[in-house]
Enquirer: 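First the structure, which I've put down as structure tokens, then a few questions once you've had a look.
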Protein chains: 2
Amino acid sequence: MAFNDLISGALTSTGQVRNEPVQARSSERIGALLDAASAVVAEVGIERLTTAMVAERANASIGTVYRYFPDRIAVLSAMSLRGFERFLRLSVEKLDAAQPTSMEAAFDSLVDAAVEMHRSEPGYTSIRLSDQIALPEVDGGSAASARIAAPLAKIFVEELGVTDEPGLVDRIDIALTVVDSLLVRAFIIDSRGDAGAIEACRRLVSTILAGSTVAA
Amino acid sequence: MAFNDLISGALTSTGQVRNEPVQARSSERIGALLDAASAVVAEVGIERLTTAMVAERANASIGTVYRYFPDRIAVLSAMSLRGFERFLRLSVEKLDAAQPTSMEAAFDSLVDAAVEMHRSEPGYTSIRLSDQIALPEVDGGSAASARIAAPLAKIFVEELGVTDEPGLVDRIDIALTVVDSLLVRAFIIDSRGDAGAIEACRRLVSTILAGSTVAA
DNA sequence: TCGTCACCGAACGGAACTCGATCATCGCGC
DNA sequence: GCGCGATGATCGAGTTCCGTTCGGTGACGA
């Protein structure tokens with residue numbers, strides 16, 4: 001459906017694996033390595049993750065880690081990218097199911113997707129959208145939210161009949177940034193996701209989106 | 001003045017230096033080391049900061065770095081904590097000068113202080129981005145915003161005559177979280193701080209604070 | 001059965017971190 | 001003020017640990 005454009009629109013970044021896998025088992029390996037990395041990050045944090053930990057937890061040797069990733073940081077950003085991609089797919093799924101008729105309703109689906117990511121993916125709260133933790137210039141410097149904002153705006157205009165006023169992309173970007181930070185807050189307060197904090201996030205987002213383009 | 005309580009109220013965390021400095025030159029040393037760390041972070045990013053770089057830039061030996069900090073990560077979190085402390089002092093200064101009569105006005109001073117931090121402290125934006133995300137257990141896990149929210153609420157009630165309704169602390173915490181993330185966004189868009197983004201941040205905070213305790 | 005893909009783990013290099021020697025400062029008796 | 005012992009502060013070579021490489025071995029596809 002139309003919401004599907006979100007994925008292709010936002011995922012412009014190139015793959016960062018060293019050698020594209022040829023045999024089937026490779027893809028599983030990469031997945032297992034990223035799962036391991038995610039678990040390690042959740043346990044000891046980004047800074048203390050070592051490539052040896054990742055290898056051990058994935059039942060692989062260090063050499064295997066380096067077969068697929070050029071260095072430690074690449075593991076982290078691949079993990080971040082996979083999380084982002086999963087978030088997008090989940091969002092599309094929920095948008096297709098909900099068939100929202102307003103931006104507010106659409107964002108409800110996005111928040112649902114993000115909450116599910118925080119709950120199901122171990123290291124997600126630590127990494128989420130920001131993969132420029134490492135080097136400021138790693139992917140052009142713009143946050144992930146900025147990358148979805150534009151395609152989202154386009155979809156909203158085309159599908160929901162939202163009027164394409166100037167500042168729309170900005171407002172969406174702001175809403176995404178706020179969702180991101182408030183959900184992290186919700187999951188810091190309570191590792192299962194504080195219900196009140198999530199609810200507050202939803203309400204605030206509605207306010208942001210509803211707010212007319214007042215007072216420039 | 002009364003605003004001064006903010007500092008003592010929010011800074012409960014214990015020092016993370018290895019040995020409390022006794023002689024005067026030590027404090028200067030620590031300051032120099034943190035200045036160096038901040039500059040290094042701004043230049044090469046958090047991940048690529050090495051203790052050797054910090055030592056060299058501070059005209060100290062590696063041994064001196066490890067005299068004051070147990071490990072590399074401690075340098076980063078000390079830097080983060082000092083930034084937080086400076087932000088608090090700046091805030092108090094600006095609050096004392098502005099003598100606000102409403103929460104909205106008070107938050108204007110806080111935003112001013114934060115913006116100034118981003119502008120003047122080299123690695124501040126980078127550290128704000130990751131902060132305790134990178135180091136889960138570093139300071140009890142609760143975000144910095146949660147630590148200021150309570151003392152801030154107390155001050156607002158006592159000094160500004162704000163009614164002490166339930167959820168006040170929460171709303172302040174949310175406002176602080178949003179300020180943090182939106183200012184980081186403003187400084188990612190433009191390293192000098194995108195004016196429009198900062199303005200949008202101020203407006204949104206007003207909305208959050210003004211919002212009555214509607215729809216629980 | 002051969003070529004290629006995937007995997008392993010010992011070995012290398014560099015960064016994190018230690019530790020005993022050396023220098024600076026403080027305080028105390030004179 | 002002036003030695004002078006005690007303690008703080010600094011240094012940097014040395015050690016350990018971790019990120020990364022690379023040549024050898026097993027597994028799959030044709």
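The chains referred to below are lettered A, B, ... by the order of the sequence lines, with proteins before strands, and numbering in each begins at 1. Computation of the quantities below employed the complete heavy-atom set of this structure, encompassing side-chain atoms and omitting hydrogens, waters and symmetry-equivalent molecules.
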Enquirer: Between A:Arg29 and C:dC7, is there a contact of a side-chain N or O with OP1 or OP2 at under 4.0 Å?
Expert: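 So the side-chain polar atoms of A:Arg29 do come within 4.0 Å of the phosphate oxygens OP1 or OP2 of C:dC7, strictly under.
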Enquirer: Could you give the CG-to-P distance, from B:Asp71 to D:dC18, as a whole number of Å?
Expert: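 These atoms are roughly 12 Å apart.
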Enquirer: Output a table of donor-acceptor pairs, distance under 3.5 Å, between side-chain atoms of residues 109-119 of chain A and any protein atom two or more places apart or on a different chain; print 'none' if there are none.
Expert:
residue: A:Asp112; atom: OD1; partner: A:Arg202; partner atom: NH1; Å: 3.3
residue: A:Asp112; atom: OD1; partner: A:Arg202; partner atom: NH2; Å: 2.7
residue: A:Glu116; atom: OE1; partner: A:Lys94; partner atom: NZ; Å: 3.0
residue: A:His118; atom: ND1; partner: A:Thr125; partner atom: OG1; Å: 2.9
residue: A:Arg119; atom: NE; partner: A:Arg192; partner atom: O; Å: 2.8
residue: A:Arg119; atom: NH2; partner: A:Arg192; partner atom: O; Å: 3.1

Enquirer: C:dA16, OP1 or OP2 - any side-chain N/O from B:Thr51 closer than 4.0 Å?
Expert: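 Yes, B:Thr51 has a side-chain N/O under 4.0 Å of OP1/OP2 on C:dA16.
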Enquirer: Rounded to the Å, how far apart are A:Leu49 CG and D:dC17 P?
Expert: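 To the nearest whole Å, that distance equals 18 Å.
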Enquirer: What is the separation between atom CD on B:Glu28 and atom C1' on D:dG8, rounded to the nearest whole Å?
Expert: 15 Å
Enquirer: Could you check whether A:Arg89 pairs with A:Glu85 (Lys NZ or Arg NE/NH1/NH2 to Asp/Glu carboxylate O, under 4.0 Å)?
Expert: yes
Enquirer: Side-chain N or O of B:Ser61 versus OP1/OP2 of D:dG12: is the shortest distance under 4.0 Å?
Expert: no
Enquirer: Regarding A:Asp173 and B:Arg185, does a basic nitrogen lie under 4.0 Å from an acidic carboxylate oxygen?
Expert: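 Salt bridge present between A:Asp173 and B:Arg185.
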Enquirer: Without decimals, in angstroms, what is the distance between A:Arg48 CZ and C:dA16 P?
Expert: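 In whole Å, C:dA16 P and A:Arg48 CZ are 13 Å from each other.
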Enquirer: Whole angstrom is fine here: how far is it from CG in A:Leu33 over to P in C:dC7?
Expert: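 Spelled out: CG on A:Leu33 to P on C:dC7 is 9 Å.
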Enquirer: Looking at every non-hydrogen atom in both residues, tell me the closest pair between A:Ser38 and A:Gly123 and how far apart they are.
Expert: OG-N, 3.0 Å
Enquirer: Please determine if a side-chain N or O atom of B:Tyr66 lies less than 4.0 Å away from the OP1 or OP2 oxygen of C:dT18.
Expert: no
Enquirer: Using a cut-off of under 3.5 Å, enumerate the N/O to N/O pairs linking the protein to nucleotides 13-16 of chain D.
Expert:
none

Enquirer: Could you state the CD-P distance from B:Glu47 to C:dA15, rounded to the nearest angstrom?
Expert: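 In whole Å, C:dA15 P lies 15 Å from B:Glu47 CD.
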